[in-house]
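What follows is a single structure, written as structure tokens, with notes after it.
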Amino acid sequence: MSLSVTLETPQTGKYEQPTGLFINNEFVKGVDGKTFESINPSTEKPITSVHEATEKDVDIAVSAARKTFETSWRQVTPEQRGRYLVNLADLFEKNLDQLAAIESLDNGKAFSMAKVDIGMCAGCLRYYGGWADKIEGKVIETNSDTFSYTKQEPIGVCGQIIPWNFPLLMFAWKIGPAIACGNTIVLKSAEQTPLGALFACKLIKEAGFPPGVINVLSGFGKIAGAAISSHMDIDKVAFTGSTVVGRQIMKAAAGSNLKKVTLELGGKSPNIVFDDANIENAISWVNFGIFFNHGQCCSAGSRIYVQEGIYDKFVEQFKARAAKNVVGDPFAADTFQGPQVSQLQYDRIMGYIDAGKKEGAKIEIGGDRHGKEGYFIQPTIFSGVSEDMKIMQEEIFGPVCSIAKFKTEEDAIRLGNATTYGLASAVHTSNLNTAIRVSNALRAGTVWVNQYNMLHHTLPFGGYKESGIGRELGEAALANYSQTKTVSIRLGDALFG
């Protein structure tokens with residue numbers, strides 16, 4: 001199999017798609033010669049095949065990253081690291097339509113939404129490009145006989161494993177802070193969506209990154225991902241994905257060289273609507289909170305709690321709003337919701353819908369397949385739910401939500417926290433005191449007020465409880481990719497003459 005193939009998208013026409021592994025700034029074949037298919041979720045047909053990374057390829061990529069980290073990358077100034085990231089941000093913007101079209105083809109998300117993702121990628125990369133020369137230590141006074149200071153140093157070779165729901169956005173979230181802090185990278189893309197990251201590798205080379213700084217592998221979690229998690233020469237691993245896999249990665253990291261770990265995991269986020277909320281505004285954000293990105297969003301507001309005074313009115317208007325969501329071809333101008341990413345994910349979501357029906361929940365709208373081809377599912381709203389139902393406790397990761405009523409503010413807080421997850425949440429109210437009280441009481445890494453899913457590269461994002469360890473984005477993410485060294489010098493000796 002060759003290292004590239006000519007593909008075509010409805011938006012950008014024909015383009016050259018890399019298919020090899022990206023190691024040392026070159027596309028190469030896997031050692032074992034294995035390949036796997038990337039499937040178009042809109043048609044259920046193969047797009048193309050890409051080279052598959054195995055443990056041997058992980059070893060080669062890690063060796064390249066290690067050699068670069070220990071030699072040439074150490075000589076690159078922080079300013080230059082920042083320049084590389086800004087160059088890459090510029091190239092993402094220059095190739096915005098092409099990158100968005102690849103996301104839509106490979107992932108199934110609406111092209112209009114994918115364009116927003118790519119714009120956010122550029123913003124994230126440019127933001128961390130600005131941070132590269134602003135990572136500083138401190139001088140610390142202890143006593144008159146010593147001069148003590150701290151410095152922030154890179155961790156080393158970082159393994160990064162990204163998910164399929166926001167392929168290129170997670171790519172940018174991971175590499176931005178890692179490069180700003182001076183690390184080198186071995187990144188594995190999701191096996192469901194390898195194409196965007198491979199195209200981005202062309203841009204990495206064009207941006208001027210030296211060989212070995214960013215290495216990108218297409219492969220399966222159980223093989224390449226496991227090899228990264230347990231590799232003895234990887235100093236840190238970062239993962240975004242399910243809590244189940246996050247546990248496995250943490251065990252592998254602990255069982256190998258005790259590598260540092262950051263995990264951005266699952267969620268079952270509450271979206272709380274009080275009687276005094278602007279109901280039209282709240283419905284708009286609740287709709288976006290669950291059905292955005294086909295519900296394939298770790299922060300999705302899948303548990304909707306509405307105060308009893310407006311509950312009936314809210315349910316009727318929410319159903320009407322959800323019915324307007326256009327489900328279909330990702331490249332159609334009016335499409336809001338495309339297909340689920342894979343047959344496996346489609347089957348999993350439909351299994352949860354069946355479980356909700358069997359447990360006695362009422363389907364207000366949806367609950368079935370959309371169309372006859374592709375992994376499309378109707379936007380689905382359940383009511384008549386109880387807290388012990390499977391659909392209320394487990395992350396569905398699809399366009400499915402449950403709606404329930406509450407009486408008091410105390411009820412809302414109790415229900416909102418009644419889950420093992422703690423990634424995100426939202427409060428809809430016109431009362432600032434209520435907003436602050438409830439926000440402070442919710443055990444979640446992010447609380448949105450009168451909005452939902454509004455992420456920004458300057459704002460830290462991550463979870464409480466079983467939703468993860470560490471923070472992505474903002475200045476906080478730099479702590480994941482740097483380590484503090486303390487230097488303490490005794491004064492008055494020959495060192496100072």
From [atom1] ([X]) to [atom2] ([Y]), nearest 0.5 Å:
| X | Y | atom1 | atom2 | value |
| --- | --- | --- | --- | --- |
| L85 | I179 | CG | CD1 | 6.5 Å |
| Q98 | Q11 | CD | CD | 10.5 Å |
| N107 | S42 | CG | OG | 9.5 Å |
| S38 | Q17 | OG | CD | 8.5 Å |
| E466 | I469 | CD | CD1 | 11.0 Å |
| M250 | L263 | CE | CG | 6.5 Å |

In this structure, are over 12 heavy atoms from other groups packed under 6.0 Å from [X] atom [atom1]?
| X | atom1 | answer |
| --- | --- | --- |
| M389 | CE | yes |
| K465 | NZ | yes |
| K115 | NZ | no |
| K251 | NZ | no |

Inset, instruction - Verify whether the ring centers belonging to W448 and Y452 lie closer than 6.0 Å. - result: yes
Residue pair [X] / [Y]: nearest heavy atoms and the distance that separates them:
| X | Y | result |
| --- | --- | --- |
| G445 | R471 | CA-NH2, 4.2 Å |
| N215 | A64 | OD1-CB, 4.2 Å |
| K390 | E359 | N-OE1, 3.0 Å |
| Y481 | N183 | O-ND2, 2.9 Å |
| A178 | I185 | CB-CD1, 3.8 Å |
| G30 | D57 | CA-OD1, 3.4 Å |

Inset, instruction - Check whether the side chains of D59 and H231 place a donor and an acceptor atom closer than 3.5 Å, and report yes or no. - result: yes
Legend entry - Distance-only side-chain donor-acceptor flag, Q152 / T484, under 3.5 Å: yes
Inset, instruction - Go through the steps for S218 and L198 under the test side-chain contact (heavy atoms from CB on, under 4.5 Å), then give the verdict. - result: CA-CA 8 Å; S218 307; L198 291 176; 3.6 Å; yes
Inset, instruction - Sequence neighbours left out, what passes ring-ring contact (aromatic ring centres under 6.0 Å, His included) with F27? Give chain and number order. - result: F22
Inset, instruction - Considering only NZ, NE, NH1 and NH2 on the basic side and carboxylate oxygens on the acidic side, decide whether R66 and D235 come within less than 4.0 Å. - result: yes
Inset, instruction - Using a strict 4.0 Å threshold on nitrogen-to-oxygen distance, state whether E206 and K202 make a salt bridge. - result: no
Is the shortest heavy-atom distance from the side chain of [X] to the side chain of [Y] under 4.5 Å?
| X | Y | value |
| --- | --- | --- |
| L88 | I175 | yes |
| C124 | L473 | yes |
| R369 | Y346 | yes |
| W285 | F292 | no |
| L423 | T446 | no |
| E55 | V58 | no |

Inset, instruction - Quick one: which residue pairs count as a salt bridge (Lys or Arg N to Asp or Glu O under 4.0 Å) with a foot in residues 1-20, not counting sequence neighbours? - result: none
Inset, instruction - Can you label the angle between the F397 ring and the W164 ring as parallel, tilted or perpendicular, going by 30° and 60°? - result: perpendicular
Legend entry - Side-chain (R348) to main-chain (I396) donor-acceptor, under 3.5 angstrom: yes
